[in-house]
Novice: 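The structure that follows is given in the form of structure tokens.
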Amino acid sequence: MPPPTPPGVVVPNHLVWAILTTLFCCLPLGVVSIVYAAQVDGRRAAGDLAGAYDASRKAGGWALASALAMPVLLLLWFGLFGGMAALGALSDL
């Protein structure tokens, strides 16, 4: 039987943030975040606080990476096609 978790210990699971970044930002990175977020409560309930904090940290990190990937990808997209449009306009001169 695992040792009981002390009452009042709260480990954030970042599940809502993981789901939102999966839906609105970058799907592959958000899915990894959801997997880690789902592990947090189970590990805390099993008494593995170190594992729960580690999974929580990883879930938050992957959700942040997913949220930051969207603006970076948009900048690359518009930069690429904006550059192509500028070159196309210059070729008509």
Novice: Between Phe24 and Met70, what is the shortest heavy-atom contact and its length?
Specialist: O-CE, 3.9 Å
Novice: Can you tell me how far apart CD1 (Ile19) and CG (Leu15) are? Round to the nearest 0.5 Å.
Specialist: 4.0 Å
Novice: With no hydrogens and no angle check, is any side-chain donor or acceptor of Thr22 less than 3.5 Å from a backbone partner on Ala18?
Specialist: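 Confirmed, Thr22 side chain pairs with Ala18 backbone.
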Novice: Quick one: pull up CH2 in Trp77 and CG in Leu73 and give me the separation to the nearest 0.5 Å.
Specialist: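 Taking CH2 in Trp77 and CG in Leu73, the distance rounds to 10.5 Å.
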Novice: May I ask you to decide if Ala59's main-chain N or O and Ser33's side chain share a donor-acceptor pair within less than 3.5 Å?
Specialist: yes
Novice: Do you know the tightest heavy-atom contact between Gly60 and His14?
Specialist: N-CD2, 3.8 Å
Novice: Specify the closest pair of heavy atoms between Thr21 and Ala63, including all atoms of both residues, with the distance to one decimal.
Specialist: CG2-O, 3.6 Å
Novice: Looking only at heavy atoms, which two atoms of Gly51 and Asp48 are closest? And how far apart?
Specialist: N-OD1, 3.0 Å
Novice: CG/Leu29 to CD1/Ile34 distance, rounded to the nearest 0.5 angstrom?
Specialist: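 Those atoms lie 11.5 Å apart.
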Novice: Indicate the atoms forming the closest heavy-atom contact of Cys26 with Ala69, along with that distance.
Specialist: CB-CB, 4.0 Å
Novice: Where do Val11 and Arg44 come nearest, in terms of heavy atoms and distance?
Specialist: CG2-CD, 4.0 Å
Novice: For the pair Leu64 and Trp17, evaluate side-chain contact (heavy atoms from CB on, under 4.5 Å) and give the outcome as yes or no after the intermediate values.
Specialist: CA-CA 9 Å; Leu64 179 63; Trp17 193 24; 3.8 Å; yes
Novice: Leu87 and Leu80: same hydrophobic cluster, using ILVMFWY side-chain contacts below 4.5 Å?
Specialist: no
